[in-house]
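Both backbone and side-chain heavy atoms feed into the values below; hydrogens, waters and symmetry mates do not.
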Amino acid sequence: MDIATLIGLVAGAAVVSSLILMGGNFGMFYDVHAVIVIFGGSAAATLIRFPLSAMLHGLPLGAKFAFTMSNLSARDLVDELARIAEIARKSGPVGLEKVEADDPFLAKGIRYVADGYDLEFIRDNLERDRDNFLLHLNEGSKIYRAIGDCAPAFGMIGTLLGMVQMFSNMQDPSKLGPFMAVALLATLYGAVVANLICLPIADKLHGKLVDEETNRTLIIDGILMIRDSKSPTLVREMLLAYLPEKHRHEEDEGVPA
């Protein structure tokens, strides 16, 4: 689990809740009209921007990856692929049938090699799988960013609507307070939804997209080298190029002489 996302959301909610409770109660900060204009308006605008299929794929995938981490880091993957290459060298592709991997994408590549598929088939299928996954993850990032962009704008729309209603009822002082509340709460909801939830999640997903692209490309290269019967040392050395310089040295130190 990506504990940073959870901590950030809980901490942000705690800050906002504390400020609310210091000056009143939660009931003061709830208005159904503001909820409708922010959530309904943002949802409607996002549906106009994206196909329904993209939202059905992107939203849940984005929510999932905002709170989860990859099973293996790039550094772990280098070690794992070198270990698999050693098994393949000693036992051949058949020896990989009993190899288990925590990463589903890596497990698929191992299965392809164990089943004896040719190099081009493995490359095409794994690259297609990677590209489809990254496409959906990128859609999720764009959708959350779009909601984050829409929410403050609809907060302003709610504010304007509340102001118009307030000025239209200046003759009735009893209505001024509720309309002003709608105006202010719409802006508040839009700011919180955008800056505490949607935009941070969009940025988090973009970072994870970059990491997943690196990890899956690393796996594809490693699997293809194993299929091509490359030595474990060569597999390791080639895959170390995916790591930052300082992590490459750590890997080298961890390899027994």
Side-chain angles (χ1 to χ4, degrees), residues 1-68 136-137 139-208:
M1 183 174 185
D2 189 345
I3 193 68
T5 302
L6 181 61
I7 290 175
L9 287 174
V10 171
V15 169
V16 174
S17 299
S18 298
L19 293 174
I20 289 174
L21 293 175
M22 285 178 183
N25 57 67
F26 289 108
M28 295 170 54
F29 290 85
Y30 174 76
D31 185 87
V32 66
H33 299 89
V35 170
I36 291 172
V37 72
I38 294 300
F39 293 99
S42 297
T46 306
L47 280 169
I48 295 171
R49 287 188 180 189
F50 298 95
L52 181 60
S53 59
M55 294 191 66
L56 293 177
H57 282 102
L59 278 173
L61 185 66
K64 174 184 176 182
F65 271 81
F67 290 92
T68 57
H136 292 318
L137 192 57
E139 287 175 343
S141 176
K142 289 180 177 180
I143 290 169
Y144 279 98
R145 188 170 301 281
I147 297 173
D149 291 340
C150 289
F154 275 95
M156 183 58 67
I157 291 173
T159 297
L160 295 174
L161 291 173
M163 296 292 286
V164 169
Q165 291 170 331
M166 183 182 72
F167 288 126
S168 298
N169 291 272
M170 292 293 289
Q171 72 279 6
D172 187 355
S174 65
K175 294 183 179 180
L176 299 183
F179 288 140
M180 178 60 77
V182 172
L184 296 178
L185 288 175
T187 300
L188 174 64
Y189 290 175
V192 170
V193 169
N195 295 290
L196 180 60
I197 302 173
C198 292
L199 293 179
I201 287 179
D203 288 337
K204 174 63 70 75
L205 292 177
H206 178 72
K208 292 195 173 183

Shortest non-hydrogen contact from [X] toward [Y]:
X	Y	value
Thr5	Lys204	OG1-NZ, 2.6 Å
Cys150	Thr46	SG-OG1, 4.5 Å
Ala194	Pro200	O-CD, 3.6 Å
Val193	Ala151	CG1-CB, 4.0 Å
Val37	Ala186	CG1-CB, 4.1 Å
Ile147	Cys198	CG2-SG, 3.4 Å

Which pairs count as side-chain hydrogen bond (donor to acceptor under 3.5 Å, both in side chains) when at least one residue sits in residues 177-191, sequence neighbours excluded?
Thr159-Thr187
Which side-chain hydrogen bond (donor to acceptor under 3.5 Å, both in side chains) pairs, counting each pair once, include a residue from residues 140-149, with sequence neighbours left out?
Arg145-Asp203
Any non-hydrogen side-chain atom of Ile157 less than 4.5 Å from a side-chain atom of Leu160?
no
Can you list every salt bridge (Lys or Arg N to Asp or Glu O under 4.0 Å) pair that touches residues 26-54, not counting sequence neighbours?
none
Let me confirm one number: the [atom1]-[atom2] distance from [X] to [Y], rounded to the nearest 0.5 Å.
X	Y	atom1	atom2	value
Lys64	Leu205	NZ	CG	12.5 Å
Ile38	Ile36	CD1	CD1	11.5 Å
Leu188	Leu184	CG	CG	9.0 Å

Once side chain to side chain contact (heavy atoms under 4.5 Å, CB included) is applied, do any residues pair with [X], and if so which ones, sequence neighbours excluded?
X	result
Leu61	Phe65, Phe133, His136, Leu137
Gln165	Phe179
Pro51	Ser53, Ala54
Ile48	none

Under the salt bridge (charged side-chain N to carboxylate O under 4.0 Å, His left out) rule, collect the residues that match up with Lys208, sequence neighbours excluded.
Asp2
Applying ring-ring contact (aromatic ring centres under 6.0 Å, His included) as the test, list every pair that has at least one member in residues 36-55; sequence neighbours left out.
none
Please tabulate, one pair per line, all N/O donor-acceptor pairs under 3.5 Å involving side-chain atoms of residues 9-29, not counting sequence neighbours.
| from | atom 1 | to | atom 2 | distance (Å) |
| --- | --- | --- | --- | --- |
| Ser17 | OG | Ala13 | O | 2.7 |
| Ser18 | OG | Ala14 | O | 2.7 |
| Asn25 | OD1 | Gly27 | N | 2.9 |
| Asn25 | OD1 | Met28 | N | 3.2 |

